[in-house]
Amino acid sequence: MKTTHFLLLPLAAALSQAWAAPVAEETAELSPVTVTGTQQQKANTVKFNPKATLQPLPAGDGADLLQSVPNMSIIRKGGSSGDPLFRGLGGSRLAINADDQFVYGGCSNRMDPPTSYIHPSTFDEVVVTKGPQTVTQGMGLISGSVHFVRKDPTFHEQPYSFNGSTTLGNSGRRDASFEAGAGGKYGYARLNVSHNESDDYKDGAGNRVHSNFKRDSQMVQLGVTPTENTTIAGTYERSRGKAAYADRPMDGSKFDRDAWNVRISQRNITPWLSEIEARYGSSEIDHVMDTYSLRPVTMMMGKRAMNPKRNTDTGNLKAVFDWDSLNLQTGIDYMRDKRVERSEGNGEGYRHKPYNPDQSFKHWGGFAEATWQHTDNQKWVAGIRRDNVTGVYDPYPDTDPAKRQTYRLTSGFARLEQIYGNAKYYAGFGIAQRSPDYWERNRDEDLKKETNRQIDAGMIWNKGNLHLAASLFAGKIRDYILIEQHMMHHGGHGGHGHVMTMARNIDATRFGGELEAKWQFAPSWSISSNLAYTRGKNTTDNLPLAQTPPLEWNNTLAFDNGKFSAGALWKVVAKQNRYAKGQGNIIGQDIGASAGFGVLSVNAGWKFNKYATLQGGVDNVFNKTYAEFVSRSGGFVDPAAGIKTTRVNEPGRTAWLRLQAKF
């Protein structure tokens, strides 16, 4: 609570000054009041502002933020640190890139996915690329990529800026974020501080879900601009957190990340060489999971803890060329990733123990992506990249050569974009290859690389007050890495046993897509709808491809006259009877069939002056008890009360209030 009060005081003071100050016409407007979904305006790409208010409850981490993207599912494990899937694929199949740095978690059981270390308010834009339709965002874009972007701030009209927001909600939800910047002709500085916390939430039936969390982050960025075409910038990020989990017998008592990066860019070098940019960064993740910090100690589990640490260094060099109608991006990227771990098994502690080496990776990649504007109405985009990845089991790489594996990967795509009247049509074919990641290599040391061949096609149509878009895909994945659970019996099938999680390669096919429409049917009124579906098949076992979400339909009615706003979001999800029990991915495995559900959420906003907006909402208005198909098992929902559910249920009725200010 001390942190929250500390964050609220500056905002309150600033608002009181703003209310009394005269309104200047050049003051920047706030973002749209409340956003309940994202729109696709470019081929295979969705872009949106992470600082805008999103419903459900404004995002606390990167995964929460991505819920608004059609066909993006979040595997719930508690109140924070969900794992995103796009079109049913996640983990390292969905590249997560923050400020052009690769982000990885440390936990061997995905307690801390990359998005758990991403604080949305510190970024300026999020770009989601659908499918293997770019080569500039790193390797392994089997499903696509999510790029959290920081842009260079500009101070043309005023030498300073200030943004702040604070959110209060039931179940003890308290969020606050503040960003201040100052700059001029020769440089800039930017500071961001954020805080998120919540108590355990309750599901629709009133059951307490073990889900409390607390997260704090700070970011400072300094830039020097000796000329209008030169930028030298450095960024430091620090985050600390803890989170309780309802899907397992351990909690995350420590989520620490320290990261820095430097960037040098030179623009407008020659008429044909537009930019050269070099980046280098490093991050360290220090994570602790234990059975005693955030829950009562049980006789079955005792006092156990694991403390993994992961260090990742990344670098890239990129050049951009322009010749009349041709644009070319080419570059190389590098990553060195090393994980170590220490643990305690009977309450003897772990802090005094040395770290033991686990796995390490080295990666080199090179890429080229070209855009040819053939005519005013026709564009061709194509790219190719090569990657070399070496994975090593560090405890014994020299004594056993089989512990060192090298994967050579090739990815590429080609896409045609054509404009006819008010519509843009596009179609592309892409190939993406991915090497087994840390979590998969833990299950099997001899896995083949994955290869996805995928067709992506779509249409974007805008005319007057009507927007329509369709994005379709179909693909075949060779040597898909399947994670599955097996019961290992002791003393025959009638004896005791334990579950083993193993990995193997299979073949799979997938198809589906997203449809969306928005119609502004009156001056301040609009209605929008999006439909998302993915169907996958494990052709090796002749089973459904596990962890594939069901059909989802979202509908929004919104009013916004610039001062007052109101909206309603109706989310409808079909039942899912296509499952493969015990099979899945590094995040989770299918539990069984799931029921369909419908959830209504409402919001309202008041822009009470040029600087500030007050917003509020109620999610799950009718207090529905439900769980997503891709949720984890709910075997530890309330450890103290012994409550268990098949899956981790989503929150029940949730009311929230948000104050936003921008100067």
Validation row: Val146, Leu94 side chains within 4.5 angstrom (heavy atoms): yes
Under 3.5 Å side-chain donor-acceptor pair for Arg279 and Gln101: no
Phe102 and its side chain to side chain contact (heavy atoms under 4.5 Å, CB included) partner, picked from Thr314, Asp337, Ile96: Thr314
Short side-chain donor-acceptor distance under 3.5 Å, Ser217 and Ser194: yes
Test side chain to side chain donor-acceptor pair (under 3.5 Å) applied to Thr406 and Thr390, step by step: CA-CA 4 Å; Thr406 298; Thr390 300; 3.3 Å; yes
Worked check of side chain to side chain contact (heavy atoms under 4.5 Å, CB included) between Trp656 and Asp619: CA-CA 8 Å; Trp656 53 269; Asp619 303 340; 3.2 Å; yes
Side-chain touch His287/Asn307, heavy atoms, less than 4.5 angstrom: no
Approximate separation, where rounding is to 0.5 Å, of Asn163 CG and Lys51 NZ: 7.0 Å
Sidechain N-carboxylate O distance under 4.0 Å for Arg173, Asp175: yes
Main-chain N/O of Gly349 paired to Glu344 side chain as donor or acceptor, under 3.5 Å: yes
Minimal non-hydrogen separation, Phe123 against Ala98, with atom names: CZ-CB, 3.9 Å
Side-chain donor/acceptor of Glu341 to backbone N/O of Asn356, under 3.5 Å: no
Test log, rule side chain to side chain donor-acceptor pair (under 3.5 Å), inputs Asp112 and Tyr117: CA-CA 8 Å; Asp112 62 334; Tyr117 295 101; 2.6 Å; yes
salt_bridge(Asp638, Arg208) N-O dist < 4.0 Å: yes
Under 3.5 Å side-chain donor-acceptor pair for Asp437 and Ser92: yes
Pair Glu650 + Arg76: basic N to acidic O under 4.0 Å: yes
Donor + acceptor pair across side chains of Asn316, Tyr280 (<3.5 Å): no
Qualifying residue, where the test is side chain to side chain contact (heavy atoms under 4.5 Å, CB included) with Phe629 and the options are Asp590, Thr548, Ile75: Asp590
Side chain proximity check, Arg263 to Glu277, heavy atoms < 4.5 angstrom: yes
Backbone N/O of Val389 and side chain of Ser435: donor-acceptor pair under 3.5 Å: no
Residues Glu284 and Arg257 bridged, charged N to O under 4.0 Å: no
Side-chain donor-acceptor pair present, Asn212, Asp199, cut-off under 3.5 Å: no
Nearest-0.5 Å distance that lies between atom OG1 in Thr235 and atom CD in Gln221: 3.5 Å
Asp61 side chain to Thr115 side chain, donor-acceptor N/O pair below 3.5 angstrom: no
Heavy-atom side-chain proximity of Val209 to Ile643 below 4.5 angstrom: no
Residues, nucleotides or ligands: over 12 heavy atoms within 6.0 Å of Lys449 NZ: yes
Salt-bridge present (Arg504, Asp444; N to O < 4.0 Å): no
Any Phe367 side-chain heavy atom under 4.5 Å of Met139 side chain: no
Ring-face cation of Arg342 near Tyr350 (centre distance under 6.0 Å, axis angle within 45°): no
Side-chain donor-acceptor pair present, Arg150, Thr122, cut-off under 3.5 Å: yes
Sidechain N-carboxylate O distance under 4.0 Å for Arg190, Asp124: yes
Any donor-acceptor pair under 3.5 Å from Arg336 side chain to Ser360 backbone: no
Pair Asp387 + Arg385, salt bridge at N-O below 4.0 Å: yes
Side-chain donor-acceptor contact under 3.5 Å, Tyr438 with Asp358: yes
Within the 6.0 Å centroid threshold, strictly below: Trp364 and Tyr334: yes
Flag, side chain of Tyr292 to backbone of Ala305, donor-acceptor distance under 3.5 Å: no
Gap between atom OG of Ser283 and atom OH of Tyr104 - 0.5 Å precision: 10.0 Å
Salt bridge present between Asp290 and Arg304 (N-O < 4.0 angstrom): no
Lys353 NZ: over 12 foreign heavy atoms closer than 6.0 Å: yes
Worked check of side chain to side chain donor-acceptor pair (under 3.5 Å) between Asn71 and Thr534: CA-CA 8 Å; Asn71 230 343; Thr534 298; 3.3 Å; yes
Phe636 vs His210, ring pair (Phe, Tyr, Trp, His ring centres under 6.0 Å): CA-CA, chis, key distance, verdict: CA-CA 8 Å; Phe636 300 90; His210 190 58; 9.7 Å; no
Nearest-0.5 Å distance, CG of residue Leu545 to CD1 of residue Ile506: 6.0 Å
Polar contact flag, side-chain donor to acceptor under 3.5 angstrom, Ser282-Asp313: yes
Qualifying residue, where the test is side chain to side chain donor-acceptor pair (under 3.5 Å) with Gln218 and the options are Arg240, Arg238, His119, His195: Arg238
Atom pair CG (Asp479) and CG (Leu482), whose distance is rounded to the nearest 0.5 Å: 12.0 Å
Basic-acidic side-chain contact under 4.0 Å: Arg434, Glu440: yes
Gln67 backbone acceptor or donor facing Asp64 side chain under 3.5 Å: no
Between OG on residue Ser165 and CZ on residue Phe178, distance to nearest 0.5 Å: 7.0 Å
Side chains of Gln485 and Thr501, donor plus acceptor under 3.5 Å: no
Side chains of Gln589 and Ile483 in contact at under 4.5 Å (non-hydrogen atoms): yes
Thr53 and Arg658 side chains, donor-acceptor separation under 3.5 Å: yes
Side-chain heavy atoms of Glu237 within contact of Met219, under 4.5 Å: yes
Worked verdict on Val128 versus Ser145 for side chain to side chain contact (heavy atoms under 4.5 Å, CB included): CA-CA 6 Å; Val128 179; Ser145 72; over 6 Å; no
Phe48 and Leu65, any side-chain heavy atoms less than 4.5 Å apart: yes
Ile74/Glu628 under side chain to side chain contact (heavy atoms under 4.5 Å, CB included): CA gap, chis, key distance, verdict: CA-CA 8 Å; Ile74 307 300; Glu628 302 279 0; over 6 Å; no
